[in-house]
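Reviewing the structure listed below.
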Amino acid sequence: MLIGLTGGIGSGKSLAGDFFKSKDIDVIDADDLAHNALDKEGEGYKKFLEIFGENFLDESSDINRKALREYVFKNPEMKVKLEEIVHPIVQKGILNFIKKSNSKYRIIIVPLIAETKSSSFYDRVLAIECAKGIQLERATKRDSSNEEQILRIIKSQASTEERNKIANDVVVNNGTKEEFMINLEGIHKKYLNLLEND
Ligand code: ADP
């Protein structure tokens with residue numbers, strides 16, 4: 001059983017991923033795959049230089065992600081070019097993960113399942129929901145970012161309603177971490193039950 005775990009920035013996806021890992025469930029984060037693709041040793045690094053040149057490299061030849069993010073935000077046609085480099089590498093990584101994984105079920109963390117209309121790829125979609133004010137506060141603190149930048153990202157993502165429409169299960173993460181863990185425990189048990197009755 002393949003679960004797509006989704007939610008807006010700062011909703012608690014990584015924390016949820018850690019919970020499932022602690023239950024011996026294999027978890028992969030599509031954002032990590034995308035990030036690794038552009039590492040110096042990453043599969044997309046050479047292609048990136050061919051298309052974007054060396055303007056985004058810092059003194060250790062690493063890609064300055066912040067500058068790149070700003071640039072593609074202002075130049076949507078370059079965002080498409082960047083996605084053309086990164087997406088196939090992420091897809092390959094996901095297929096590899098599925099092939100290798102042998103846990104009872106498996107989880108792929110993908111922030112943009114609703115946005116990319118890709119819910120049919122998964123057996124079930126689990127959405128993490130978080131009130132906008134709390135989400136903003138948590139993400140701003142985690143990224144040492146400013147609220148304006150986080151708000152911009154929240155606005156570019158699907159709304160809670162859009163996400164919940166494609167979700168089979170929704171966990172609300174407005175309370176304490178302990179409460180979040182208890183609710184995730186319930187989801188884990190539900191998945192195990194579904195597998196048993198399959
Ligand atoms: P995402 O992966 O969806 O962007 P994270 O799991 O990284 O979100 O959570 C964002 C930040 O909020 C992290 O610093 C995380 O530790 C914190 N956080 C998540 N859920 C809670 C909670 N229930 N109570 C307090 N802090 C939380």
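Counting starts at 1 for both ligands and their atoms, in listed order. One is the number of the first residue; the rest follow in order along the sequence.
Comparing heavy-atom distances from atom 16 (O) of ligand 1 across Lys177, Glu137, Met181 singles out Lys177 as nearest. Nearest residue to atom 2 (O) of ligand 1 from Gly12, Ser11, Ser14 is Ser14 (criterion: closest heavy atom).
Taking a 6.0 Å sphere around CD of Glu77, one finds it holds more than 12 heavy atoms contributed by other residues, nucleotides or ligands. No more than 12 heavy atoms of other residues, nucleotides or ligands shown are found within 6.0 angstrom of NZ on Lys165. Within 6.0 Å of atom CD in Glu54, 12 or fewer heavy atoms from other residues, nucleotides or ligands are found, so the atom counts as exposed in its surroundings.
For Gly8, the heavy-atom gap to ligand 1 drops under 4.0 angstrom.
Listed by number with element, the atoms of ligand 1 under 4.0 angstrom from any heavy atom of Thr176 are 23 (N). Counting atoms of ligand 1 from 1 in the listed order, those under 4.0 Å from a heavy atom of Gly175 are 22 (C), 23 (N), 24 (N). Set against the non-hydrogen atoms of Arg142, the atoms of ligand 1 under 4.0 Å away are 1 (P), 2 (O), 4 (O), 5 (P), 7 (O), 8 (O), 10 (C), 14 (O).
Nearest to atom 17 (C) of ligand 1 among the protein's heavy atoms is Arg138 CD, 4.1 Å. Looking at atom 6 (O) of ligand 1, its nearest protein heavy atom turns out to be Leu15 N, 3.0 Å. Given atom 20 (N) of ligand 1, the protein heavy atom at minimum distance is Asn173 ND2, 3.0 Å.
Annotation: cation-pi pair Arg106/Phe97 absent, no NZ/CZ under 6.0 Å from the ring centroid and within 45° of its normal.
Asp31 has its side chain within reach of Pro111: a pair of non-hydrogen atoms, C-beta onward, lies under 4.5 Å apart. Side-chain contact between Leu151 and Lys132: present, with at least one pair of heavy atoms (C-beta onward) separated by less than 4.5 Å.
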Take Glu70 and Arg152, measure what salt bridge (Lys or Arg N to Asp or Glu O under 4.0 Å) needs, and give me the verdict at the end.
CA-CA 12 Å; Glu70 285 298 318; Arg152 196 175 80 188; 3.4 Å; yes
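Annotation: Gly10 places an N or O atom under 3.5 Å from an N or O atom of ligand 1; distance criterion only.
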